[in-house]
Amino acid sequence: MIYTKTGDGGTTSLVGGSRVAKDDKRVEAYGTVDELNSHIGLLAEIMRQRQGGYYEELKAVQHNLFTIQTLLATEDETIYARLPQLQFEEVEILERQIDTITDMLPKLHNFVIAGGNMTGAQCHVCRTVCRRAERCIVSLAHDVKVDEVILRYINRLSDYLFVLARYAVIAESKAEDLYIN
């Protein structure tokens, strides 16, 4: 059965069974990462259908985000230690991907306005949700220990999504919409 009715009073269970309010910082953090994961799922499908590239990389990101969600949803240190952990290598992978994509792009001298095409627009949606997730995780880290690799990964992921947005527009021979003041 999909419904349990245990959350009807405004609480939810963390990994391990302890209950917290649905507006708890921990729930807000892993919930926002979950939202990001869903948006990236849509982006992966758009990329697969429209441009063919980056689908596998985005699916790997989704797996990493699920790991992050699980870690953020776990307050019991004993359970936490037994869970799959995000490795610093995943941050390095994102950095290499950012560098590879950046090498294909023209130098940027202005701010980019989100859009350009469907793929680029969805990349920017993902990027902004990623930044919100980062803010939620930073807020949580003021109260509980959050592994440094999680913050680094989320920070790097928003950079990756930015350059991927630029690539998605330019790859379709579209002009980027630049903010010129």
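Numbering of residues begins at 1 and proceeds along the displayed sequence. Since we're looking at a predicted model, the values are computed, not measured.
Remark: the backbone N or O of Gly16 is not paired with any side-chain donor or acceptor of Asp76 at under 3.5 angstrom. Remark: side-chain polar atoms of Glu75 are not paired, donor with acceptor, to backbone N or O of Ala73 under 3.5 angstrom. Looking at Thr128, its side chain does come within 3.5 Å of a backbone N or O of His124 through a donor-acceptor pair. In terms of modelled atom types and a separation under 3.5 Å, the side chain of Ser139 and the main chain of Arg135 share no donor-acceptor contact.
Using a 4.5 Å heavy-atom threshold, the side chains of Gln122 and Met118 count as separate. Counting heavy atoms from C-beta outward, Asp34 and Leu65 have side chains that stay 4.5 Å or more apart. Within the 4.5 Å cutoff, the side chain of Arg166 has heavy atoms near those of the Pro106 side chain. Using a 4.5 Å heavy-atom cutoff, the side chains of Ile98 and Arg156 are in contact. Put simply, the side chain of Val27 does not reach to within 4.5 Å of the side chain of Asp23, judged on heavy atoms. A 4.5 Å side-chain heavy-atom check between Val144 and Arg26 finds at least one atom pair inside the cut-off. Side-chain atoms of Tyr30 and Thr70, non-hydrogen and from C-beta on, never get closer than 4.5 Å to each other. For the pair Thr67 and Leu83, the minimum side-chain heavy-atom distance is 4.5 Å or more.
To the nearest 0.5 angstrom, Cys130 atom SG is 12.0 Å from Tyr160 atom OH. In this structure, the separation between SG on Cys136 and CG on Leu72 is 10.0 Å, given to the nearest 0.5 Å. The structure places CD of Glu35 at 11.0 Å from CD of Gln69, a figure rounded to the nearest 0.5 Å. Rounding to the nearest 0.5 angstrom, the gap separating the CG atom in Leu161 from the SG atom in Cys126 is 5.5 Å. Here the CG atom belonging to Asn64 is positioned 10.0 Å from the CD1 atom belonging to Ile40, to the nearest 0.5 angstrom. The line from NZ of Lys25 to CG of Asp143 is 3.5 Å long, rounded to the nearest 0.5 Å.
Separation of the Tyr153 and Phe88 ring centroids does not fall under the 6.0 Å cut-off.
Salt-bridge check for Glu134 with Arg131: passed, with a basic side-chain N closer than 4.0 Å to an acidic carboxylate O. Remark: Lys59 does not engage Glu56 in a salt bridge, criterion side-chain N to carboxylate O under 4.0 Å. Salt bridge annotation for Glu77-Lys145: absent, with no cationic side-chain nitrogen under 4.0 angstrom from a carboxylate oxygen. A salt bridge links Glu172 with Arg50: the closest approach of a Lys/Arg side-chain nitrogen to an acidic carboxylate oxygen falls below 4.0 angstrom.
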request  = Output, in order, the C-alpha distance, side-chain angles, deciding distance and verdict of side-chain contact (heavy atoms from CB on, under 4.5 Å) for Leu164 and Leu58.
outcome  = CA-CA 11 Å; Leu164 190 60; Leu58 291 167; 4.1 Å; yes

query = Step by step, would you call Leu94 with Glu90 a side-chain contact (heavy atoms from CB on, under 4.5 Å)?
reply = CA-CA 6 Å; Leu94 280 178; Glu90 298 299 334; over 6 Å; no

inquiry  = Under the criterion side-chain contact (heavy atoms from CB on, under 4.5 Å), I'd like the reasoning laid out for Arg127 against Asp159: C-alpha separation, chi angles, the key distance, then a yes or no.
reply    = CA-CA 8 Å; Arg127 177 187 57 79; Asp159 296 334; over 6 Å; no

query = Going through the checks in order, is the side-chain contact (heavy atoms from CB on, under 4.5 Å) test met by Leu86 and Ile68?
reply = CA-CA 7 Å; Leu86 186 67; Ile68 290 169; 3.7 Å; yes

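Taking every heavy atom of both residues into account, Ala29 and Ile137 meet most closely at CB-CG1, 4.1 Å. Counting all heavy atoms, side chain and backbone alike, Cys123 lies closest to Leu43 at SG-CD1, 3.6 Å.
In the hydrophobic clustering of ILVMFWY residues, with side-chain heavy atoms under 4.5 Å counting as a link, Ile93 and Ile150 come out apart. By the criterion of side-chain heavy atoms lying less than 4.5 angstrom apart, applied directly or through intervening Ile, Leu, Val, Met, Phe, Trp or Tyr residues, Phe66 is not grouped with Val149; the two fall into different hydrophobic clusters. Under the 4.5 Å side-chain heavy-atom criterion for ILVMFWY residues, a single connected hydrophobic cluster contains both Ile170 and Ile101.
For the pair Arg48 and Tyr55, the cation-pi criterion (under 6.0 Å, within 45° of the ring axis) is fulfilled.
The closest side-chain donor-acceptor pair between Asp147 and Tyr80 falls under 3.5 angstrom.
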